[in-house]
Amino acid sequence: MNLKLRMEYNPQDIEKKWQDHWKKYNTYKVDNNSKKPKFYALDMFPYPSGAGLHVGHPLGYIATDIMARYKRMSGYEVLHPMGFDSFGLPAEQYAIETGQHPAITTKQNIETFKNQLSKIGFDYDWDREIQTSSPQYYKWTQIIFQEIFESWYNYDTQKAEHINTLITHFEKNGNANVNAECDEDIIQFTATDWQNYSKHQQQEILLKYRLTFIADSFVNWCPALGTVLANDEVKDGLSERGGHPVERKKMRQWMMRITAYADRLLEGLENLEWSDALKEMQRNWIGKSTGCEIDFKVKDKNITLTAFTTRIDTIFGVSYLVLAPEHEIIGELTTLSQKNEVEKYVTWAKNRSERERQTEVKTVSGVFTGSYATNPFSDEKIPIWIADYVLSGYGTGVVMGVPSSDDRDFRFANNFNLPIKMVIEGTETMENPTEKKYGKMINSEFLNGLETKDAIAKAISFVKERNIGKAKVNFRLRDAVFSRQRYWGEPVPVYFKNGIPYLVPKENLPLTLPEISAYKPTEDGEPPLARATDWYYTDKNTGEKYPYEHSTMPGWAGSSWYFLRYMDANNDNELVSKNAMQYWQQVDLYVGGTEHAVGHLLYSRFWAKFLFDRGIINFDEPFKKLVNQGMIQGRSALIYRKKGENVYVDSELAKKYNEDELQQLHVDVNIVKNDILDIEAYKNWRNDEDWQKEMQNATFLTGENDAFNCDYLVEKMSKRWYNVVNPDDVIARYSADTLRLYEMFLGPLEQSKPWNTQGIDGTQRFLRKLWRLFYDEKDGNFLVKDETPTPAELKSLHKLLKGMHEEIAEYSFNTIVSKYMIVVNELSDLKCHKKAILEQLLQALAPFAPHITEELWENLGHKTSIHHSIMPNFEEKHLVESNFEYPISVNGKVRTQILFDLEKPTTEIEQEVLGNDIIQKWLEGKIPKKIIVVKGRIVNVVI
RNA sequence: GCCGAAGUGGUGGAAUGGUAGACACGCAAGACUUAAAAUCUUGUGAGCAGUAAUACUCGUGCGGGUUCAAGUCCCGCCUUUGGUACCA
């Protein structure tokens, strides 16, 4: 029996054995006091959804696991942790529907996830697990919030400082000369003013400077659901759930002044090893634009409208002004005759989502206010319009319309018959002048003849001279809304006294979520936490009770700093100890999807910079190197059934039917193999009686070879399409090592691809073939011998080692897997069972297939884990080639091959090539124009 | 709409500007077997000619361009896909 076990590759036993062993002996324990160089590999932690882990999740985890193991074998102390982003909407939604506390659902889901993860053979040190929804963790999220509350951004020092430095400044000098990121509506005050203000007034003022503050901002309010919705929960102005109307409503929200960091977030990108694509996305998101603010006086009214433009050079081409529908001044601008129309338009436009307003460029909409403004350059009278393509959140909410050089302005002017004035030379005759946006100025008085750049400079100095505006840098980036009208998030550790927020004392933290009767908002639209009874902050001295903040923190709060907590996950005194932080520093490798490109990755950078400013950490970028893994999509299986009949039709046969004769149905991908349906499994797909009865008389019209073929469709992996593949099933059927190899073999890590179990047999076969290099499967004999390897065997091994080291540095895991396959194929052909070769092969493979290699390593007689052995390097001497078979091409088309010594001089190669029969034939007696010889590559004869 | 990415055989994919299709799946034929599984061997982009070895033509989403040479570089499109600020 024992013999039989050893005879063939038996992954189920081996994998269980080693997973238990590693756990028992703490093989992957991480040491914060190590003397080794460190390597920190991190995955974007998962949201533990109720659906459990699907095969898409582990893709990135396997990649980091491979890197972690590779680095450990290369002499590094490796931190490779895992945890859960466990606050979130799905658990809350489930709680609303069922009344079950989201903590319960979350706990269950985390258990499922951990159970699934543990079977894949990751080297996590589970002692460092974190959960963002646990009070031990969110205590520190709350403390970071408090630090942000206690800070202001000083542009003079270019960093966040404690609010006390600002108070000192106010006490000495008032707020003159304070160069801070703050609210717009600041009034000037002196030191004496400050001292005379009441405590309340002082707090009010400070709130305008704090890095987190309270402001009104627009949200998608759904009165019927009594809740705020995300943009993607809104479809065509209606809620996705229930289809109720949604309106844009201003709500008091906590905000964070991320815009203070806009420049640093932009500059910081330079030194990061992130893909250019990702950096570009962040740059565009931050959207720095250098331009000019310019004042337009409204005719016959004491109103000035300030517009922001990056193209002040086109000022003479302005034919109208446009305001965002949210602009507060609209009421004053609207003339009596336009009042009805304006109000109608504003109500309509305000309730459109930003997405809609920007997407529908073809349908131009807007309304005339009845008022006019004066162009400060030309004194021309121009109409003032309102249009929803102007967003209130960007710039000043006022745009100067230049139809001749802006596409949206052009469409707008055309639609409303507004004049179009050409200001760039060459556009006069063009049907669409916006196709030429830069060039020499015309029709622009003193700007005439200047190139765009110079015209901008001259116009700006004119603006300054006349005091009608100023040069201005604008960012597309907006301050981040930090409130959520939800239950399942971190409570904001703040209470209110006379409408002013005060911090809950540190010793009272964590401020935990109170129990409430139902998890939805109150009838009058207050967040769920307003339902909590007797949830107040009690002043220790006076015994007075003050209400807590009722909104909770957003999903990004907990995930913006979690990488720090892993360094010192169980520290009750600090969010991370100095020692741990100084050892681990930045994350060396961060792997996750592009869907986080601008959300999570920008917020984490923001918080890291803040924590750096305040001296809590000593680096200001969290993730040094980042790799984006592609999405794993589902590959749904489709079958056809005749409409109204209990007859199923093979996909090939289905082509002969009319489309409306057949019904297309999704079928569970787990009962389909290589696009062929397992009919028996289908009959037992569902347990209920109706199904069983129906299946008794079901007919299956099969195709070739009596097989029932299915069609397929690539779409999101989701329960409802029956295309979810669970890693547990794959492991049970094949093995964890097979799954790991296959996920890597599927294609480049960065690329999105559909999951298709077709092909997984190949990686399983590879592992069995590897096993057969060690064991004779027929008689169970151990084949490994202590013999001296031949040059061919050494070459095969070192080709692999070279490729593996090179490609792992490029994260090209898929090509490494093929290199393993090639070496095992070659060694099998060579009948190589030599210890010196196989031992190193195992080490090279260990990061990818940790179980089988550990087992065979032990069988080779090793007493310590292969994962703590030293990774072998390659030696060039085994790889040297003396000659090369050159492809010989004529005019770029390969016609023959000739073997040449690599040292052979070019002239001799040329002669021999020209003498070759096949080349002679192609020359047809002509003399070649030239011959190109690229050493070790190719020869090209040009006729 | 805007920003980002991708498009190569029946399938997943490989290819420092230098022999397109490595490696693997699938399929076909054969070997072993009473049989099946497993394993092994051979073939497999399309077209065309040939009994055959082989030769030639076409071929990396579409249309242009640069180059001795383009899947790769440049210009213009098309399709799919991620993000678009309260999904995570």
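All values below were derived from every heavy atom in this structure, side-chain atoms included, with hydrogens, water molecules and symmetry-related copies excluded. Below, chains carry the letters A, B, ... as their sequence lines are ordered, and counting in each starts from 1.
You'll find a donor-acceptor pair under 3.5 Å spanning the side chain of A:Arg486 and the base of B:C86, going by distance alone. The base of B:U19 is paired with the side chain of A:Gln897 by a donor and an acceptor separated by under 3.5 Å.
Within 4.0 Å of A:Ala597, counting heavy atoms only, lies no atom of the nucleic acid at all. At the heavy-atom level, A:Val934 lies under 4.0 Å from base atoms of the strands shown. Backbone-only contact: A:Pro748 has heavy atoms under 4.0 Å from sugar-phosphate atoms and none from a base. At a threshold of 4.0 angstrom between heavy atoms, the contacts of A:Leu602 with the nucleic acid are absent. Note on A:Glu595: a base of the nucleic acid sits closer than 4.0 angstrom, heavy atoms only. Heavy atoms of A:Thr763 sit nowhere under 4.0 angstrom from any nucleic acid atom. Across all strands, A:Ile932 comes closer than 4.0 Å to base atoms (heavy-atom distances). Residue-level contact check: A:Trp285 touches the bases, meaning some heavy atom is under 4.0 Å from a base atom. Using a 4.0 Å heavy-atom criterion, one finds that A:Asn628 contacts no nucleic acid atom at all. No contact: A:Asn220 has no heavy atom under 4.0 Å from any strand. A:Gly555 comes within 4.0 angstrom of nothing in the nucleic acid, heavy atoms only. Counting any heavy atom pair closer than 4.0 Å across all strands shown, A:Asp85 reaches sugar-phosphate atoms only and no base atom. As judged by a 4.0 angstrom heavy-atom cut-off over every strand, A:Gln485 is placed among the base-contacting residues. Using a 4.0 Å heavy-atom criterion, one finds that A:Lys929 contacts no nucleic acid atom at all.
Using N1 to N3 plus N6-O4 or O6-N4 for Watson-Crick, or N1-O2 and O6-N3 for G-U wobble, each under 3.5 Å, B:A46 pairs with B:U57. Nucleotide B:G76 forms a Watson-Crick or G-U wobble pair with B:C62, both donor-acceptor distances falling under 3.5 Å. A 3.5 Å limit on both hydrogen-bonding distances identifies B:G30 as the Watson-Crick or G-U partner of B:C40.
Of all heavy-atom pairs between A:Val481 and A:Pro554, the closest is O-CG, 4.4 Å.
Taking only side-chain nitrogens and oxygens, A:Asn284 never comes nearer than 4.0 Å to OP1 or OP2 of B:C2. For A:Asn825 and B:A24, the shortest distance from a side-chain N or O to OP1 or OP2 is below 4.0 Å. Look at A:Arg635 and you won't find any side-chain N or O under 4.0 angstrom from OP1 or OP2 of B:U11. Residue A:Asn231 places at least one side-chain N or O under 4.0 Å from the OP1 or OP2 atom of B:A85. Phosphate proximity of B:G26 to A:Arg765: present, with a side-chain N or O under 4.0 Å from OP1 or OP2. Put simply, A:Arg772 has a side-chain N or O that comes within less than 4.0 Å of OP1 or OP2 on B:C40. Distances shown here put a side-chain N or O of A:Lys893 below 4.0 Å from the OP1 or OP2 atom of B:C58. Here A:Arg484 reaches the OP1 or OP2 of B:C86: one of its side-chain N or O atoms lies under 4.0 Å away.
Taking the C1' atom of each, B:U8 and B:A22 are spaced 13 Å apart, rounded to whole Å. A gap of 42 Å separates the C1' atoms of B:A5 and B:U39, to the nearest Å. Annotation: B:G45 and B:C23 have their P atoms spaced 13 Å apart (nearest Å). For the C1' atoms, the distance linking B:G61 with B:U57 amounts to 22 Å, nearest Å. Distance noted for atom P between B:U80 and B:A28: 34 Å (whole Å). B:G43 and B:U54 are spaced 11 Å apart, taking the P atom of each and rounding to whole Å. The P atoms of B:C78 and B:G71 are separated by 23 Å, rounded to the nearest whole Å. For the C1' atoms, the distance from B:C75 to B:U81 is 24 Å, rounded to whole Å.
No donor-acceptor pair closer than 3.5 Å links the side chain of A:Lys799 to the backbone N or O of A:Ile822.
Base orientation of B:G9: syn, since the glycosidic angle falls within 90° of 0.
Distance A:His596 NE2 to B:A88 P: 11 Å, rounded to the nearest Å. Taking atom CG of residue A:Asn756 and atom P of nucleotide B:U11, one finds them 11 Å apart after rounding to whole Å. Atom-to-atom, CD of A:Glu233 to P of B:U84 comes out at 12 Å; the value is rounded to the nearest Å. Summarising the geometry, the separation between CZ on A:Arg478 and P on B:U84 is reported as 12 Å, rounded to the nearest angstrom. Counting to the nearest Å, the C1' atom of B:U81 and the CE atom of A:Met281 are 12 Å from each other. In this structure, CD1 of A:Ile918 is placed 12 Å from P of B:U54, rounded to the nearest angstrom. A:Phe766 places its CZ atom 13 Å from the P atom of B:C40, with the value rounded to the nearest Å. Rounded to whole angstrom, the span from the NZ atom of A:Lys753 across to the C1' atom of B:A5 amounts to 13 Å.
Looking at A:Phe45, A:Phe113, A:Tyr47 one by one, the single match for ring pair (Phe, Tyr, Trp, His ring centres under 6.0 Å) with A:His57 turns out to be A:Phe113.
Between A:Phe900 and A:Tyr886, the gap from one ring centroid to the other is short of 6.0 Å.
Comment: A:Glu247 does not engage A:Lys249 in a salt bridge, judged by the lack of any side-chain N to carboxylate O separation of less than 4.0 angstrom.
With a 6.0 Å cutoff to the six-membered ring centre and a 45° limit on the axis angle, A:Arg635 does not count as a cation-pi contact of A:Trp755.
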A:Glu326 vs A:Arg357, salt bridge (Lys or Arg N to Asp or Glu O under 4.0 Å): CA-CA, chis, key distance, verdict: CA-CA 13 Å; A:Glu326 294 89 351; A:Arg357 284 165 60 172; 2.7 Å; yes

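Using a 30° and 60° split on the angle between ring planes, A:Trp556 and A:Tyr603 fall in the parallel class, below 30°.
Within a 6.0 Å radius of CG in A:Asp829, more than 12 heavy atoms belonging to other residues, nucleotides or ligands are found.
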